[in-house]
Amino acid sequence: MTSPRPPLLLIVGPTGVGKSAIALELAGRWGGEILSADSIQVYRGMDIGSAKASAGERARIPHHCIDLCEPDRPFSVAQYRERALRALEEISSRGRLPIAVGGSGFYLKTFFAPTVDSLAIAPEIRHRVEKIFQDSGLPGLLRELDGLHRHPPRCLDRANARRVMRALERCLASGLELDALRDRFRALPHPCAGHAIRTLLLERPSTSLRPILAERIGAMVRAGLVDEVLSLRRRNFEANPSARCAVGYRQVLEFLDGKMARAALEEKIFAATWSLVRRQRTWFRHQLPIDRRMELADAWADSGAFAAQWVRENGPALRQLLEM
RNA sequence: GGCGAGAUAGCUCAGUCGGUAGAGCAGAGGACUGAAAAUCCUUGUGUCGGCGGUUCGAUUCCGCCUCUCGCCA
């Protein structure tokens, strides 16, 4: 049974290409709602540095999956997945066009494939693994993990302590070897089975993206990024590693702690942003099924009314993509 | 002007008790099961400031020069 529900339009691309502006424009024209796929916009108070949609924009077009939790409370893909799928159902049941927009690859993948298993990890196991890591580091974790296997598991980045910890937790919680867990994981059902998904990748040449990012970072600092971090600090956001380590926020914290000169701030944020862009591009190349790739011309800056004109010119092609 | 310190990879620097060099960052590629804007892996030939001298051999020692940074006049 095929549903008459509208397809999900996914707009992905590296940070700063202009996804949001275009998505807003499309949503306005086509009766859509925005579903954010951004691992930082989920935190309340992290507004400037995550380039969150303004209150005005949000009043005009409904936005979902933004401001889902307090900045001191870690949020995970698992939670995102739940909220995003629920939002997707809501939007489609109203007959509106869901437009998912974002640059967080792992979050975006949640629409296409299983990203987490449903294995519950008991707190005792979590603490035990944590303790092994504290006492004997990565080698200790690997010793423990290998002890649970007849052959050392191959499908694991053994240099990545965070991954090894998660793997060990899952093995301890399930009593299964890593390969068995992976097979079971891969057999999980498609998360959005009922939806047609169309993915649009927006790109622009690095020579055009770099100056846009540099300009945008300057604008963020001028708009009060440092004050935003000060106020987040009062809300204890440093207790949350994913918030505290976010691009821009991490560098401002270093500056506030005297580990970095004010003069170096924007340059360091730029460097971190650019390595994010590179990881995003790698992810989009290999991890997401892209239906259509469109490169924005140099002339389209990430500001002003460029989106309206771009959509006027490219709307028909996108229509076609949706009706495919 | 005098004294001192320095000049090595795009940047910050290490090093070679004389046998033509290596880290971090940046850059490029990659991985990805609950922090993913995170975490991790791979990837480094550059007149070792210039010119001479000593030496089988100098980026390394010596002299001169150029530039930079201190301190003193």
Side-chain angles (χ1 to χ4, degrees), chain A residues 14-16 36-43 46 48-52 69 71-83 102-110 113-121 123 125-126 129-130 133 138 141 153-171 173-174 176 178-188 191 206 210 213 216-217 220 225 237-253 260-261 264 267-288:
Chain A
T15 185
S36 160
D38 187 298
S39 65
I40 299 303
Q41 293 188 356
V42 298
Y43 296 115
M46 299 184 75
I48 298 173
S50 73
K52 212 176 269 178
C69 78
D72 63 335
R73 240 191 51 209
F75 192 83
S76 75
V77 226
Q79 286 161 282
Y80 175 76
R81 188 191 125 97
E82 208 174 293
R83 302 293 298 257
S104 298
F106 200 28
Y107 281 24
L108 288 162
K109 194 172 183 175
T110 214
T115 35
V116 285
D117 59 27
S118 50
L119 202 60
I121 312 287
I125 291 181
R126 192 147 281 164
V129 169
E130 188 63 39
F133 183 57
L138 180 59
L141 292 171
R154 285 294 296 138
C155 61
L156 174 70
D157 182 352
R158 297 173 68 88
N160 192 334
R162 194 175 294 175
R163 292 274 159 71
V164 175
M165 277 195 272
R166 286 295 307 163
L168 181 53
E169 284 173 359
R170 281 197 299 278
C171 289
S174 66
L176 293 170
L178 216 51
D179 294 332
L181 277 169
R182 190 190 47 175
D183 292 343
R184 210 169 70 166
F185 172 69
R186 286 189 174 164
L188 289 171
S206 295
R210 293 183 104 114
L213 288 172
R216 181 155 105 143
I217 290 162
M220 282 177 178
L225 183 61
F237 93 125
E238 285 165 279
N240 176 358
S242 92
R244 137 173 52 94
C245 295
V247 167
Y249 294 92
R250 179 191 278 196
Q251 289 75 26
V252 171
L253 283 171
M260 180 199 295
E267 177 195 325
K268 296 283 188 188
I269 295 178
F270 180 86
T273 305
W274 192 251
S275 43
L276 169 64
V277 166
R278 291 188 4 85
R279 272 175 284 129
Q280 287 176 310
R281 284 174 167 168
T282 301
W283 186 280
F284 301 148
R285 264 196 296 265
H286 301 282
Q287 301 287 330
L288 297 182

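Below, chains carry the letters A, B, ... as their sequence lines are ordered, and counting in each starts from 1.
Base pairing annotation: A31(B) forms a Watson-Crick or G-U wobble pair with U39(B), both donor-acceptor distances under 3.5 Å. Nucleotide A58(B): unpaired (no Watson-Crick or G-U wobble partner with both distances less than 3.5 Å). A14(B) is unpaired under the Watson-Crick or G-U wobble criterion, no partner having all donor-acceptor distances under 3.5 Å. Pair check for G44(B) finds none; no Watson-Crick or G-U wobble contact set falls under 3.5 Å. Base pairing of C64(B): its partner is G50(B), meeting the Watson-Crick or G-U wobble criterion (both donor-acceptor distances under 3.5 Å). Base pairing analysis places G70(B) opposite C3(B); the two distances defining the Watson-Crick or G-U wobble pair are each below 3.5 Å.
Judged by atom type and distance alone, Arg163(A) does not reach the base of A35(B) through any side-chain donor-acceptor pair under 3.5 Å. Between the side chain of Arg278(A) and the base of G29(B), a donor-acceptor pair under 3.5 Å is found.
Judged by closest nucleotide on RNA chain B, Phe270(A) is the one of Phe270(A) and Arg250(A) placed further toward the 5' end. Along RNA chain B, the nucleotide nearest Ala246(A) and the nucleotide nearest Gln79(A) are compared for position; the residue whose nucleotide lies closer to the 5' end is Gln79(A).
Straight-line distance between the P atoms of U66(B) and C13(B): roughly 24 Å, to the nearest whole Å. Across the P atoms, A21(B) and U47(B) are found 14 Å apart, a figure rounded to whole Å. Nucleotides G44(B) and A9(B) are separated by 7 Å at their C1' atoms, to the nearest Å.
The CD1 atom of Ile125(A) sits 14 Å away from the C1' atom of G34(B) (whole-angstrom rounding). For the pair Arg166(A) CZ and G34(B) C1', the interatomic distance rounds to 5 Å; values are reported in whole Å. To the nearest angstrom, P of A38(B) lies 14 Å from CG of Leu253(A). Here G29(B) presents its C1' atom at 17 Å from CG of Leu276(A), a figure rounded to the nearest Å. In this structure, the CE atom of Met260(A) is 15 Å from the C1' atom of G24(B), given to the nearest Å. A straight line from CG of Asn160(A) to P of C32(B) spans 12 Å, rounded to a whole angstrom.
Between Tyr107(A) and Tyr80(A), the ring planes lie parallel to each other; the angle is under 30°, not in the 30° to 60° tilted range.
Although no hydrogens or angles enter the test, the distance criterion places a donor-acceptor pair under 3.5 Å between the side chain of Gln79(A) and the main chain of Ser76(A). Within the 3.5 Å criterion, the main-chain N or O of Arg278(A) finds a donor-acceptor partner in the side chain of Thr282(A). In this structure a side-chain-to-backbone donor-acceptor pair under 3.5 Å is missing from Gln287(A) to Phe284(A).
Residue-nucleotide stacking is not present for Phe106(A) and C32(B), judged by a side-chain ring centre under 5.5 Å from the six-membered base ring centre and planes under 30° apart.
Separation of atoms OG1 (Thr115(A)) and NZ (Lys109(A)) is listed at 8.0 Å; rounding is to 0.5 Å.
Considering only side-chain N and O atoms, Arg279(A) lies nowhere under 4.0 angstrom from the phosphate OP1 or OP2 of A37(B).
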